[in-house]
Structures are given as C-alpha cells and as structure tokens.
Amino acid sequence: MERTLSRDIASHIGKEILIKGWLHKKRLLGGLTFINVRDRAGLVQVLIENKDETEKLRGMQIGTVLEITGSVVAEERAPGGAEIHDPTVTVTTPVTDEPPIEIDKPISHKSEHLDTLFEHRVVGLRNLQEQKIFKIRADLTRYIREFLHENEFVEIDTPKLLSGATEGGAEVFEVKYFDQTAILAQSPQFYKQIMVGVFERVYEIGHSYRAEPSATSRHLTELTMLDIEMGFVESHQEVMDTVADMTKRALRRVYDEHAADLKSLQAPELVLNDSVPAFTIAEIHEMYTNATKTDTTDEKDLIPDEERWIAEHARKQLGSDLVYAVDFPKVAGKFYHKFKDDGTVAWGDLLFRGLEIATVPLRENNYEKMIEQMTAAGLDVTHDGFKYYLQAFKYGLPMHGGCGFGIDRLVQKTIGLNNVKEATLFPRDINRLGP
RNA sequence: GGGCUCGUGGUGUAGUGGCCUAACAUGCCUCCCUGUCACGGAGGAGAUCGCCGGUUCAAAUCCGGUCGGGCCCGCCA
C-alpha cells in the first residue's frame, strides 16, 4: 500500500490507508486511545479501540516511529474533520527513552531558557512551533532566490578557507591547514566582486565566520549571509532600490503565504510603504540627539539604541518597517568603498524593525584608486589575500555595488524573535559549539 | 573586554538563616476511565539546591572563590 500523508487523509474517507510517522502524543481513555502521528505534512489523529493494538504502544515514548494502516472516517470531533479507525499498528523504530524536553507543547523562548532550548535542539526542533520558524526561513530564502533569478543574478559558491587575513578589524578564526594557517572567510566579498567581472550580477547564500567575542542577542560566530553584487550600476540608489525591492517582495510574500504560521508565532504586523525611507547618518544622529538628549553626533556609526529609535520613527511616522541609514562618515569607510564628492561613503545600512539586516555599499572599481586606498589603509597589496582580488580590477570591473545581508537576522525580525540564535537551527556563538 | 544578573528533580518554577527529612506544575511509571485534543482521577519513582571553601549551634538561603548561563554596552566586511 502506498503511503498517505497526514494532510491528505480527508480525501480518502472510507478507504483503507497507510500512514508513516512519529508518535507525537498519546491519550489513553480506558477503552479508547487517541494518538497523534506526526509526518512531514503535520499531524493525524488515530483512534485505537483494540486493546492488543494499544498494548503495542506500552512503554513507547514520543518519537517512536510508526506505520499504521486503518480506515479513514469523517469525524467532526477530530482535528481536521477526519481520523483513522480500526488501525493496525507497527512499531518500526521503538523509542523507550523519555525525551529530555516535552515537544508537544510550545517550548519556552525566554532568554534565560535559551541554553535549554539549544541543548535539546535535536528533539526540540520536532516541536511544531519550532518547525514553523525554519519553514518560514526556508521559504524566505527561496523567495529571495526567485527574485534574484528573475533579475538574472547567477548563484555562486566561493571558498570559505582563505590564505590569510585580508583586512584588519574583525577577528578571524584560524584553522590548521596542513603546514599552513588558513582563516575562515568573514564574508565572500572579494570573490563576489571578482565574479562581477564574469557575470555582472551574482549572489551567494552561505556561511561566514566571525571570531568576535560578542555576547549579544544579535551576533553569531557562524552566520548565514546573502551576498549580492551587481555591475554596471548607475548609482548607489540603484543598488539600494534593488535590495529594498527584493526585501519587500520576500516579506510581503512570506506574510501572504505563511499568514497563519506567522500569527501563531505572534509575529508583528508587516508595515511597508512603496518606498523605503532613507535618512543620512548625520540626520539620525541629530534627530536622536534632539529626541533623547543623548548626544551621538560624534559617533561614526549608529548606536544600537539609535537603530531602534529610527525604526520606531519610520514605522509610526512613515509606515515602514524598513528604513535606510545612508551616507556614512568618511572615518567609517573601508578601502573598498566608493567615496562620494562630499566625503561621505556611498554606503547604506538597511534596518528592519530596529536591527541592521544589510549593509549596502557601492564599491570603488578603479584599479589605481584601489591600490591607493589600500595602501593608505596600511595593507600589503602583494599579499595573496589581495593579489588575486586586485587582478579583477586590473583586468576590468565596471561600477558595482551590492549587499551583505544577514539571513538569520531577517528571519529573527520577520517572526519577532528576541534573539538571532532562535532563528538558527544549530547556533554557534562564543560559548556554544554544539549540537 | 566592561557592567548587571541568574544557577533548586528530565523540564519550568516556589522557597532568600531553623517550620526543608526541600514544595508545586509538567513529564515518566502503575492502576481506573469509550470522544480526547494542555483529557480527567488515584497512587509512585525522581533533586544531597552548579562546584569548592568559609561564617554559624544551624546554610538551598549569608560571605569568598570557581565553573556555567543570560541581558546590555563595546567590538563587528
């Protein structure tokens, strides 16, 4: 007999079917036993009246793998309006150990319980609410991929093992690489720029590694980045518009196609406008300083509280969960940035619900200027980490820009989770390397 | 790296000097229960209160150290 999935049983009323799945919940009412079986499509309720069949489940814990044949009966008292009667139960993989956490009830996401959440992640992810987070995540990245595909971006994969530090600043992980020391990539930036010289438009969704000793609710040591780079752009605005369009489309679609799941996860209402409002860093400093009497005008970047403040402002005054912070001061610029005539950097940060989810800069594409800016930054342009990178410029790169976009943070803020780790299957942070 | 904060059965909590021979909920085990869906009822097992040391007649509770979490700041391609 062919397997039927839980979501399809209502179309098999009166028929004998086979279901396969995990024991998710048992309720013994004397002569009646109800069990819920979980498969990839959800839950199905089975009514067991035969004592011999019930006895097969004695001692079997949640997670036991089952095959059940029985007849489908329309029953309005059953969830979904149908259930399986007169079943024959086969335990294919017995589980006799009690799970360390209860998975048939919502699992606490309070910050003080996150350690328990992740320690028991392997079984905890079987909880239906937890699964929703990662189905939403999978579809968000699928929508993004579809947008990029439609706009002729080519998906690429670039190395994560690199030959040595490429830039001062961020901490890197060193790994033993035979008789050399390699580092784990903090970003695919150099490679995606190189690939602009090949395909014009490229993107990668992959892991980046940062050895920052950051213990905050928004940092991971292994994060999933969407990196986009596009050539032949006319302006920084064009890049920012592309990233904004992609983000808005993915968000609108996920709110449309996952409405029920987002509601059950208590995600905030999505508030989007036709355009994404933009403020310069200087404007935000001034507005924030006036509003809070905390002077930030000398900061080179936004402080976390300013990110939250401007997001609140954009949501309430301008009807947008997304907002751009643009025109970073020169001191914040890096050697690969394009500097504008007024001295500011052609660089925007995309904030979503008060958290930076993407940096969207325009790159310097002129070879001589790159050498100049790198030398000024004290970098050794002959180092392997830069040598090949610079070849791309030497042999022709058009004006280009792109973004580094944090997928974990996007998922976190879409659902309204407090900590980025909750949006990550098996998070890696300063204290956690497992599971 | 700095500041603050928290560690009590598997899980979540209560208890903040003696009433603690550590309580409650849930999970687990046994029994009862024919429409449950956080099923219900009766009973049971399960923790030397993170660890080490100290103060005290007496420590889960106070002090010191240590280990492990969490939040914020800093840092952050």
Side-chain angles (χ1 to χ4, degrees), chain A residues 24-36 43-51 54 58-62 73 75-80 83 85 96-120 123-124 162 165-172 185-193 208-221 223 225 227 229 299-305 308 328 332-337 345 347 349 356 358-361 363 377 385 389 402-406 409 418-419 421 429-432:
Chain A
H24 194 73
K25 184 73 185 174
K26 249 194 296 194
R27 289 186 200 91
L28 287 79
L29 285 75
L32 272 189
T33 295
F34 291 98
I35 63 169
N36 291 127
L43 296 180
V44 56
Q45 178 165 282
V46 179
L47 170 60
I48 309 174
E49 292 174 287
N50 183 324
K51 288 219 164 12
T54 305
R58 180 180 287 269
M60 292 298 119
Q61 301 292 334
I62 304 308
V73 174
E75 169 57 77
E76 58 180 39
R77 289 172 294 185
E83 64 187 8
H85 284 196
T96 52
D97 291 302
E98 179 189 348
I101 52 169
E102 294 154 54
I103 62 167
D104 62 314
K105 296 170 191 170
I107 302 173
S108 171
H109 278 242
K110 285 158 96 172
S111 58
E112 60 266 38
H113 301 157
L114 290 183
D115 199 46
T116 306
L117 180 70
F118 299 131
E119 190 57 31
H120 304 298
V123 288
L162 306 179
T166 50
E167 187 201 347
E171 299 289 326
V172 297
Q186 298 165 285
S187 152
Q189 190 191 316
F190 288 4
Y191 288 100
K192 69 179 177 174
Q193 286 187 260
S208 290
Y209 301 88
R210 299 187 182 176
E212 299 297 333
S214 300
T216 79
S217 58
R218 57 186 188 280
H219 287 94
L220 295 161
T221 50
L223 54 145
M225 294 279 289
D227 272 273
E229 206 64 30
E299 300 281 343
K300 63 172 186 172
D301 195 351
L302 300 180
I303 65 171
D305 198 48
R308 291 185 281 268
F328 278 75
K334 300 278 166 47
F335 68 86
Y336 47 78
H337 280 131
V345 190
W347 163 18
D349 269 359
E356 174 191 327
T359 62
V360 190
R363 319 291 183 187
Y389 175 54
C403 73
F405 193 116
R409 287 182 177 186
N418 290 321
N419 193 309
K421 295 167 203 167
D429 66 26
I430 188 165
N431 308 309
R432 182 169 282 283

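Every chain is numbered from 1, with letters handed out A, B, ... down the list of sequences.
A/Glu49 has its CD atom 14 Å from the P atom of B/U36, to the nearest Å. Separating the CG atom of A/Asp429 from the P atom of B/G68 is a distance of 13 Å, rounded to the nearest angstrom. Rounding to whole angstrom units, CZ of residue A/Phe34 and P of B/C33 are separated by 16 Å. Distance CG (A/Leu28) to C1' (B/G41): 14 Å, rounded to an integer number of Å. Taking atom NE2 on A/His24 and atom P on B/A38, their separation rounds to 12 Å, with Å as the unit. Going from atom NZ of A/Lys105 over to atom P of B/A25 covers 13 Å, rounded to whole Å. Rounding to whole angstrom units, CD1 of residue A/Ile48 and P of B/U36 are separated by 17 Å. Going from atom CD1 of A/Ile430 over to atom C1' of B/G68 covers 14 Å, rounded to whole Å.
Residue contacts shown for A/Asp104 are absent, as no nucleic acid heavy atom lies under 4.0 Å away. A/Asn36 comes within contact range of no nucleotide atom at all, as no heavy-atom separation falls under 4.0 Å. Nucleic acid contact for A/Leu114: sugar-phosphate only, since backbone atoms but no base atoms lie under 4.0 Å from a heavy atom of the residue. Residue A/Pro361 is out of contact with every strand shown, counting any heavy-atom pair closer than 4.0 Å. Heavy atoms of A/Glu83 sit under 4.0 angstrom from at least one base atom. At the heavy-atom level, A/His85 lies under 4.0 Å from base atoms of the strands shown. Note on A/Ser208: nothing from the nucleic acid sits closer than 4.0 angstrom, heavy atoms only. Contact annotation for A/Arg409: no contact, since no heavy-atom pair falls under 4.0 Å across all strands.
Taking the P atoms as reference points, B/A60 lies 14 Å from B/A23, given to the whole Å. Of the C1' atoms belonging to B/C75 and B/A58, the separation is 49 Å, rounded to the nearest Å. One C1' atom belongs to B/A38, the other to B/A45, and the distance between them is 23 Å to the nearest Å. Separation of the P atoms belonging to B/G53 and B/U11 is 25 Å when rounded to the nearest angstrom. Here, B/G1 and B/U56 have their C1' atoms 39 Å apart, quoted to the whole Å. Nucleotides B/G3 and B/A25 have their C1' atoms positioned 35 Å apart, rounded to a whole Å. Comparing B/C49 with B/A59, their P atoms sit 12 Å apart, to the nearest whole Å.
Here A/Lys25 reaches the OP1 or OP2 of B/C39: one of its side-chain N or O atoms lies under 4.0 Å away. Regarding contacts with the backbone of B/G70, every side-chain N or O of A/Asn418 stays at 4.0 angstrom or more from both OP1 and OP2. Phosphate proximity of B/C75 to A/Arg218: absent, as no side-chain N or O sits under 4.0 Å from OP1 or OP2. Distances shorter than 4.0 Å separate some side-chain N or O of A/Gln61 from OP1 or OP2 on B/C29. Regarding contacts with the backbone of B/C71, every side-chain N or O of A/Thr216 stays at 4.0 angstrom or more from both OP1 and OP2.
Side-chain atoms of A/Glu102 and base atoms of B/G10 include a donor and an acceptor less than 3.5 Å apart. Judged by distance alone, with hydrogens and angles left aside, A/Glu212 brings no side-chain donor or acceptor close enough to the base of B/G1 to form a pair under 3.5 Å. Counting distance only, with no hydrogens placed and no angle test, the side-chain atoms of A/Glu112 and the base atoms of B/U5 include no donor-acceptor pair under 3.5 Å.
Comparing B/U36, B/C71, B/C75 by their closest approach to the side chain of A/Leu29 singles out B/U36. Checking B/G12, B/C75, B/U26 against every side-chain atom of A/His219, the shortest atom distance belongs to B/C75. Distance from the side chain of A/Leu32 is smallest to B/U34 among B/C73, B/U34, B/C28. Listed nucleotides: B/C71, B/C73, B/C37. Nearest to the side chain of A/Pro79: B/C37. Among B/U13, B/U30, B/C71, the nucleotide with an atom closest to any side-chain atom of A/Arg58 is B/U30. Looking at the side chain of A/Ser217, the nearest of the listed nucleotides B/C76, B/C71, B/U13 is B/C71. In the set B/U36, B/C75, B/C72, the nucleotide with an atom closest to the side chain of A/Arg27 is B/U36.
Ring planes of A/Phe335 and A/Phe190: perpendicular class, angle over 60° (limits at 30 and 60°).
If you find the closest nucleotide of RNA chain B to A/Pro100 and to A/Pro304, the one lying nearer the 5' end belongs to A/Pro100. Summary of the strand contacts: A/Gln189 and A/His113 both lie near RNA chain B, and taking for each the nucleotide with the nearest heavy atom, the more 5' one is attributed to A/His113.
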**OP:** For A/Thr216 and A/His219, run side chain to side chain donor-acceptor pair (under 3.5 Å): C-alpha distance rounded to whole Å, both residues' side-chain angles, the deciding distance at 0.1 Å, then the answer.
**Re:** CA-CA 6 Å; A/Thr216 79; A/His219 287 94; 2.6 Å; yes
**OP:** Represent RNA chain B in dot-bracket notation, 5' to 3'. Only Watson-Crick or G-U wobble pairs with both distances under 3.5 Å count; pseudoknot-style crossings use [ ] and interstrand partners use |.
**Re:** ((((((((.[[[[.)..(....]]]].(((((.......))))).....[[[[[..)....]]]]])))))))....
